[in-house]
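Working notes for the structure below.
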Amino acid sequence: MTITTIAHLSEHVGETVTLRGWLYNRRSSKKLHFLQLRDGSGIVQCIATLAHFGEERFPEIGAIGYESSVMITGSVRADERAPGGFEVEAQEVEVVAATTEEYPISLKEHGPDFLLSNRHLWLRSRKQVALMRLRDQVIRSIRNFFHERDFLNIDAPIFTPAACEGTTTLFEVDYFDDEKAYLTQSGQLYMEAAAMAFGKAYCFGPTFRAEKSKTRRHLTEFWMVEPEMAYATLDDVMDLAEDMLQRIVDDVLAHRRADLEVLERDIEKLERVKKPYPRISYSDAVEELNGAGHAFEWGGDFGAPDETELSAKYDAPVLVHRYPQEVKAFYMRRDPDDDRVALGVDVLAPEGYGEIIGGGEREPDLEVLRERIAAHDLPEESFQWYLDLRKFGSVPHGGFGLGLERTVCWLAGIEHVRECIPFPRMLYRIYP
RNA sequence: UCCCCGGUAGCUCAGCGGUAGAGUAGGUGGCUGUUAACCACUUGGUCGUUGGUUCGAAUCCAACCCGGGGAGCCA
């Protein structure tokens with residue numbers, strides 16, 4: 001007997017196959033049960049008839065609870081009446097394990113609290129399966145992209161001895177005798193070391209932010225890709241960010257169209273994302289905001305409404321570069337042409353999804369860096385190794401960090417980043 | 001930390017001083033192919049907690065707890 005998955009049913013029309021999955025939904029009439037089977041690869045309608053199963057077995061099949069695990073053997077046929085175009089005429093229905101109680105998640109609407117508390121089950125839902133598949137594609141595209149460009153994957157540590165940037169709140173953990181460690185909020189400093197060793201490197205791992213942010217754009221644990229290149233300028237960084245984003249969009253459109261449809265994504269909007277992406281300076285962006293009747297003073301960082309306003313007029317992500325030096329991290333290089341600004345870039349996703357990338361050129365000069373560390377009240381002793389990178393063959397270099405879940409959120413066109421990670425960790429929510 | 005909104009059946013919600021409701025899920029019965037099937041009947045509740053006002057509180061007031069959205073901060 002051929003065992004297959006629902007995604008491959010079209011290759012088995014006319015054959016008898018066995019599918020192994022879970023009962024997703026059921027509709028019944030006197031002589032027919034329509035069993036909708038879900039196996040992770042798709043959903044298919046299986047027909048169980050009274051004529052085949054008889055007076056005893058037929059009602060039993062009609063009583064199988066939702067999400068019971070079942071194996072169905074039957075013949076595959078194309079049928080226009082079936083959702084998806086194929087259906088299976090069941091010859092055998094074997095219940096592997098009947099549900100022991102009523103499955104809590106229905107096909108009707110649910111609230112976020114309930115769904116998040118049942119995340120382990122919510123993941124079985126159609127939209128969530130499509131979303132996780134999309135996430136997988138984005139991860140794969142990113143890794144392929146960097147691999148093809150000769151970046152070495154060098155992962156950064158999760159435990160770190162001190163803050164990378166000092167500004168945001170860190171999760172503190174005990175590290176053996178009396179020592180404190182922190183969960184990383186960025187692998188960037190380590191990637192700078194990696195870039196000096198390998199030329200081009202990237203890390204891709206979880207990062208942790210103990211910020212008390214409760215918005216649709218925030219998670220306390222999220223995944224970030226951080227490439228870093230030696231001998232690179234701000235323009236190189238912006239080119240890299242643009243190429244990577246375009247690669248992701250192209251791959252998603254090429255390979256995950258069916259999932260985008262399940263997610264009810266407006267695909268046309270993604271199709272309009274084309275290089276080159278608009279690049280505007282922070283100063284021009286401020287003028288643009290003021291011109292749009294959106295009062296904003298030069299010197300501050302943009303808030304979420306400002307970002308939405310800025311990205312609203314473009315189809316593609318917009319690159320905003322050369323922010324005031326004061327609002328940026330200590331390691332950002334100052335613009336030699338304008339001392340007030342740093343050679344940094346933020347990429348704002350379209351449709352109000354906000355900042356998905358932050359990066360730029362790093363300060364290569366040892367003394368400037370020392371002053372900057374002091375000015376930010378950071379403990380210099382924690383950064384000795386980092387300063388070493390400037391002592392031994394410092395070069396212009398740069399990179400960026402891309403927030404995976406925000407990117408997936410934008411591509412999928414959904415409301416909240418919490419759905420874009422399998423098990424979200426948020427302020428006041430760490431279960432399941 | 002601050003500002004708004006909410007907590008009533010397993011779930012989604014209505015009720016907003018006078019006997020606790022609907023849809024859905026569960027149960028029973030019906031239906032020749034359903035598309036979140038449909039039709040009939042039916043089980044199911046310390047109205048978040050504590051205190052107060054009142055003849056009477058799910059409903060009004062206070063405090064607390066829990067959740068949601070947003071600000072700040074960030075990807």
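Residue numbering restarts at 1 for every chain, and letters A, B, ... go by the order of the sequence lines.
No side-chain heavy atom of A/Phe400 sits less than 4.5 Å from a side-chain heavy atom of A/Val225. Two residues are said to be in side-chain contact when any heavy atoms from C-beta on lie closer than 4.5 Å; A/Asn144 and A/Arg247 meet this criterion. By the 4.5 Å heavy-atom criterion applied to side chains, A/Thr5 and A/His8 are counted as neighbours. With a 4.5 Å cut-off on side-chain heavy atoms, A/Leu263 and A/Leu134 count as touching.
As rounded to whole Å, 21 Å separates atom P of B/C74 from atom NZ of A/Lys214. Counting to the nearest Å, the P atom of B/C73 and the CG atom of A/Leu170 are 17 Å from each other. Atoms CZ (A/Phe114) and C1' (B/U24) sit 12 Å apart, rounded to a whole Å. One atom, CD of A/Glu67, and another, C1' of B/G10, lie 16 Å apart when rounded to the nearest Å. Taking atom CG of residue A/Leu107 and atom C1' of nucleotide B/U12, one finds them 13 Å apart after rounding to whole Å. Separating the CD1 atom of A/Ile47 from the P atom of B/U32 is a distance of 16 Å, rounded to the nearest angstrom. Atom C1' of nucleotide B/A71 and atom CD of A/Glu211 are separated by 13 Å, given to the nearest angstrom. In this entry the distance linking CD of A/Glu419 with C1' of B/G68 reads 14 Å, nearest Å.
Evaluation of atom-type donor-acceptor distances gives a pair under 3.5 Å for the side chain of A/His218 against the base of B/C74. No hydrogens or angles were tested; on distance alone, nothing pairs the side chain of A/Arg429 with the base of B/C66 as donor and acceptor under 3.5 Å. Donor-acceptor pairing under 3.5 Å, judged by distance alone, is present between the side chain of A/Ser213 and the base of B/G72.
Nucleotide B/C11: paired with B/G23 (Watson-Crick or G-U wobble, both distances less than 3.5 Å). Remark: B/G29 base-pairs with B/C39. Criterion, Watson-Crick or G-U wobble with two distances under 3.5 Å. Using Watson-Crick or G-U wobble geometry with both donor-acceptor distances under 3.5 Å, B/C73 finds no partner in any strand shown. Using N1 to N3 plus N6-O4 or O6-N4 for Watson-Crick, or N1-O2 and O6-N3 for G-U wobble, each under 3.5 Å, B/A63 pairs with B/U49. Nucleotide B/G17 has no partner under the Watson-Crick or G-U criteria, as no pair reaches both atom distances under 3.5 Å.
With RNA chain B read from its 5' end, the first of the two nearest nucleotides for A/Asp306 and A/Phe222 is the one closest to A/Asp306. Positionally, the nearest nucleotide of RNA chain B for A/Ala304 lies more toward the 5' end than for the other of A/Glu355 and A/Ala304.
Across all strands shown, A/Thr407 has no heavy atoms under 4.0 Å from either base or sugar-phosphate atoms. Within 4.0 Å (heavy atoms only), A/Ser29 reaches at least one base atom of the nucleic acid. Base engagement by A/Gln45 is indicated by at least one non-hydrogen atom pair under 4.0 Å involving a base atom. Residue A/Ile356 is in sugar-phosphate contact alone, with no base atom involved, counting any heavy-atom pair closer than 4.0 Å across all strands shown. Contact annotation for A/Pro305: backbone-only contact, meaning every heavy-atom pair under 4.0 Å involves sugar-phosphate atoms and none involves a base. Within 4.0 Å (heavy atoms only), A/Leu404 reaches no atom of the nucleic acid at all. At the heavy-atom level, A/Arg126 lies nowhere under 4.0 Å from the strands shown. A/Gly65 comes within contact range of no nucleotide atom at all, as no heavy-atom separation falls under 4.0 Å. Note on A/Tyr103: nothing from the nucleic acid sits closer than 4.0 angstrom, heavy atoms only. Base contact: A/Phe34 has a heavy atom under 4.0 Å from a base atom.
Side chain of A/Asp113, nearest nucleotide from B/A36, B/G67, B/U32: B/G67. Checked against B/U1, B/U12, B/C73, the side chain of A/His110 finds its nearest nucleotide in B/U12. When each of B/G72, B/C73, B/A25 is scored by its nearest atom to the side-chain atoms of A/Lys212, the top-ranked nucleotide is B/G72. Of the candidate nucleotides B/A36, B/C31, B/A25, B/A36 has the atom lying nearest to any side-chain atom of A/Asn25. For A/Arg418, whose side chain is taken as the heavy atoms from C-beta onward, the closest listed nucleotide among B/G10, B/G68, B/G70 is B/G68. Distances from the side chain of A/Thr215 to the nucleotides B/G70, B/G68, B/A36 place B/G70 closest. Checked against B/A75, B/G70, B/C11, the side chain of A/Arg216 finds its nearest nucleotide in B/G70.
A perpendicular orientation is assigned to the rings of A/Phe302 and A/Tyr323, their planes being inclined by more than 60° (bins at 30° and 60°).
Exactly one residue among A/Glu226, A/Arg143, A/Glu228 makes a side-chain hydrogen bond (donor to acceptor under 3.5 Å, both in side chains) with A/Tyr202. That residue is A/Arg143. Just one of A/Arg418, A/Met426, A/Arg209, A/Arg406 meets the side-chain contact (heavy atoms from CB on, under 4.5 Å) condition when paired with A/His218; it is A/Arg406. The residue from A/Val93, A/Asn25, A/Val70, A/Ile43 that alone fulfils the side-chain contact (heavy atoms from CB on, under 4.5 Å) condition with A/Leu37 is A/Val70.
Applying the salt bridge (Lys or Arg N to Asp or Glu O under 4.0 Å) test to every pair with at least one member in residues 100-119 of chain A, sequence neighbours left out, gives these pairs: A/Asp113-A/Arg429.
Contact annotation: A/His416 side-chain N/O to B/G69 OP1/OP2 distance is under 4.0 Å. In this model, the phosphate group of B/U32 is not approached by any side-chain N or O of A/Lys31 to a distance below 4.0 Å at OP1 or OP2. For B/U24, the OP1/OP2 oxygens have no side-chain nitrogen or oxygen of A/Lys108 closer than 4.0 Å.
Straight-line distance between the P atoms of B/C41 and B/U24: roughly 12 Å, to the nearest whole Å. Between the P atoms of B/G68 and B/U12, the separation comes to 13 Å (whole Å). Using atom P as the reference point in both B/A14 and B/U8, the two lie 10 Å apart (nearest Å). Look at the P atom in both B/C66 and B/U50: the space between them is 16 Å, to the nearest Å.
Salt-bridge check for A/Arg265 with A/Glu351: passed, with a basic side-chain N closer than 4.0 Å to an acidic carboxylate O.
Judged purely by distance below 3.5 Å, without hydrogens or angles, the side chains of A/Gln36 and A/Gln45 never pair a donor atom with an acceptor atom. A/His397 and A/Glu192 are linked by a side-chain donor-acceptor pair at a separation below 3.5 angstrom, with hydrogens and angles left out of the test. Side chain to side chain, A/Asp235 and A/Thr233 fail the donor-acceptor criterion of an N or O pair below 3.5 Å.
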Polar atom pairs between nucleotides 39-44 of chain B and protein, under 3.5 Å, N or O only, would you list them?
none

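For the contact set between residues 73-89 of chain A and RNA chain B, defined by any heavy atom under 4.0 Å, the members are A/Arg77, A/Asp79, A/Arg81, A/Ala82, A/Pro83, A/Glu87.
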One pair to check against ring pair (Phe, Tyr, Trp, His ring centres under 6.0 Å): A/Tyr190 and A/Trp385. What are the steps and the verdict? CA-CA 10 Å; A/Tyr190 295 96; A/Trp385 68 271; 4.7 Å; yes
